[in-house]
Amino acid sequence: MKKTANKEEPINMYPAFEEFYMNRMQVMANLIDPNILICEDARAAGKTEGVMTPRIIRVANSMPGELGFLVHKTYVALMTNVWPNIAAALARPVQGGTRSMLQYGIDYVVGETKIPSHFKLPKYPITYPKHSIVFRNGFHLQMVSSDQPESVAGRSGVHAFIEEMKHNKGEKLKSRLFPSLRGSSMDIRTCPYYQGITGVSDTARVDLGEDDWFYDYENNV
């Protein structure tokens with residue numbers, strides 16, 4: 001406690017815990033938290049803000065300096081739809097609304113050719129700055145178009161985050177992207193998220209040409 005103007009005020013003005021609402025699906029996904037997390041749910045269920053974003057934070061914290069992939073069918077969808085939703089979730093007010101959960105320029109940057117001096121450098125060169133998200137601990141998230149998977153050729157990633165799985169061709173992901181989830185550091189191979197996949201999607205309509213490749217993972221549960 002400290003005295004100000006003849007009255008006592010607590011030194012720590014912020015609560016030790018934050019209130020955060022999650023629906024049942026989000027709670028299950030975040031509590032179970034397996035190496036491969038496939039979430040199929042209806043629209044407006046909160047897959048991106050309630051499943052994908054918390055998972056990105058956990059993976060980034062667990063494997064500093066490593067490389068991950070954020071995947072959608074096209075770069076346009078990533079930049080105009082997916083990333084704005086993730087950025088909004090990262091900016092969720094905390095500490096009584098006095099700050100964001102993660103702050104741009106302090107905790108992460110996007111599309112920057114020069115990262116802030118207080119950031120730890122990623123272990124691998126940033127080959128596509130325009131399509132890169134870099135966190136303060138050096139974790140580097142490269143945006144990848146599954147229509148152009150050549151951008152991951154020769155790369156060594158540790159985890160893949162796939163948005164709207166039904167719009168991505170499963171065979172392309174399995175043959176081009178997933179083999180790049182190999183890493184190179186021995187110290188991260190014991191991490192529970194190493195070589196993992198996080199994917200979210202609505203139900204695939206095969207009659208409309210959507211790909212239901214991710215249904216195969218149900219047999220592994």
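Predicted model, so just to flag it, every value in this text is computed and none were measured.
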Is there a side-chain contact between [X] and [Y] (heavy atoms, below 4.5 Å)?
X	Y	result
I162	L173	yes
L141	I56	yes
Y194	V158	yes
H131	L78	no
T198	C39	no
E40	Y215	yes
H140	I126	yes
D147	N168	no

Polar side-chain atom of [X] near backbone of [Y] as donor-acceptor pair, under 3.5 Å:
X	Y	result
T74	A77	yes
S180	V152	yes
N30	G50	yes
E210	R205	yes
R155	Y124	no
Q26	N23	yes
Q142	G68	no
E66	F139	no
T53	T48	yes
Y104	V110	yes

What pair of heavy atoms forms the shortest contact from [X] to [Y], and how long is it?
X	Y	answer
G105	F119	O-CE1, 4.0 Å
V82	H72	CG2-CD2, 3.4 Å
A204	D211	CB-O, 3.7 Å

Could you grab the distance from atom [atom1] of [X] to atom [atom2] of [Y], nearest 0.5 Å is fine?
X	Y	atom1	atom2	answer
L67	S156	CG	OG	8.0 Å
E163	M143	CD	CE	11.0 Å
E49	M22	CD	CE	10.0 Å
M79	S145	CE	OG	12.5 Å
M52	F161	CE	CZ	7.5 Å
L102	I57	CG	CD1	4.5 Å

Got a salt bridge between [X] and [Y], using NZ or NE/NH1/NH2 to carboxylate O under 4.0 Å?
X	Y	answer
K47	D202	yes
K174	D216	yes
E164	K73	no
R58	D33	yes

Handout entry: Geometric class of the W213/Y217 ring pair [parallel <30°, tilted 30-60°, perpendicular >60°]
Key =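 Perpendicular.
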Practice task
Run the ring-centre check on H159 versus F69 and record whether the distance is less than 6.0 Å.
Solution key: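 For H159 and F69, the ring centres are not under 6.0 Å apart.
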Exercise for the section: Check step by step if side chain to side chain donor-acceptor pair (under 3.5 Å) holds for Y75 and Q148. Expected result: CA-CA 9 Å; Y75 286 117; Q148 301 175 5; 4.9 Å; no
Handout entry: Cation-aromatic face contact R136/Y108, 6.0 Å, 45 degrees
Key =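 The answer is no; the distance or angle limit is not met.
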Exercise for the section: Sort out for me which residue in V51, V200, I197 forms a side chain to side chain contact (heavy atoms under 4.5 Å, CB included) with L37. Expected result: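 Testing each of V51, V200, I197 against L37, the sole residue satisfying side chain to side chain contact (heavy atoms under 4.5 Å, CB included) is V51.
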